[in-house]
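This chain uses plain numbering: 1 for the first residue, then up along the sequence.
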Amino acid sequence: TVSVEVTGSFEDTTIDSKGEYTVAAGSSALDALQATDLDVTVEDSQYGAYVTAVDGLTAEGSNGWLYSVNGESPTVSASDYILADGDTVVWSFYVAE
């Protein structure tokens with residue numbers, strides 16, 4: 001079981017979702033996001049999987065989705081970060097100033 005929080009706001013779109021989800025052993029931070037009821041769009045990039053949109057909140061220019069696990073920002077793609085039972089994953093929409 002992992003906790004997943006997804007937050008973000010830009011223009012007319014706001015997302016504020018929290019929940020606990022049971023994911024299979026070996027699941028990634030991306031798998032945890034996809035386990036939510038949110039509509040997630042992912043594209044492959046040279047750095048791995050890249051979340052381009054969650055429930056209509058779309059990455060564009062310098063604005064985009066970032067994730068952290070247990071308060072730390074991993075240096076690998078969310079599809080490569082393997083979760084442990086009890087982890088807390090936070091997805092937030094970064095808006096460049």
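- Using the six-membered ring where Trp is involved, Tyr67 and Tyr81 have ring planes that are perpendicular, over 60° apart on the 30 and 60° scheme.
- Between Asp87 atom CG and Glu72 atom CD the span is 11.5 Å, to the nearest 0.5 Å.
- Cluster membership for Val2 and Leu38, using ILVMFWY side-chain heavy atoms within less than 4.5 angstrom, is shared.
- Ala59 and Tyr50 get closest at one heavy-atom pair: CB-OH, 3.4 Å.
- Listed here is the closest heavy atom pair of Leu33 and Trp91: CB-NE1, 3.5 Å.
- When each of Thr58, Thr52, Asp55 is tested with Thr41 by the rule side chain to side chain contact (heavy atoms under 4.5 Å, CB included), just one qualifies, namely Thr52.
- A pairwise comparison of heavy atoms in Gly8 and Leu57 identifies C-CD2, 3.6 Å as the closest pair.
- Annotation for Asn63 and Ala96: closest pair OD1-N, 2.8 Å, computed over non-hydrogen atoms.
- In this structure, Thr7 OG1 and Ile15 CD1 are separated by 9.0 Å, a value rounded to the nearest 0.5 Å.
- By the rule that hydrophobic residues join a cluster once side-chain heavy atoms approach within less than 4.5 Å of another member, Val76 and Leu66 end up as members of separate clusters.
- Side chain of Ser17 to main chain of Val6: no donor-acceptor pair is present (N/O by atom type, distance under 3.5 Å, no hydrogens or angles).
- Hydrophobic clustering, with ILVMFWY side chains joined whenever heavy atoms are under 4.5 angstrom apart, keeps Val51 apart from Ile82.
- Hydrophobic clustering places Phe93 together with Val40 (ILVMFWY residues linked when any side-chain heavy atoms are closer than 4.5 Å, directly or through intermediates).
- Closest approach of Ala35 and Val23 over heavy atoms only: CB-CG1, 4.1 Å.
- A side-chain hydrogen bond (donor to acceptor under 3.5 Å, both in side chains) check over residues 20-31, counting only residues at least two apart or in different chains, returns the pairs Ser28-Asp31.
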### Verdict with supporting geometry, Val69 and Thr88, side chain to side chain contact (heavy atoms under 4.5 Å, CB included)
CA-CA 6 Å; Val69 179; Thr88 298; over 6 Å; no

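- Shown here for Ser9 and Thr14, the closest heavy-atom pair between the two residues is OG-OG1, 3.0 Å.
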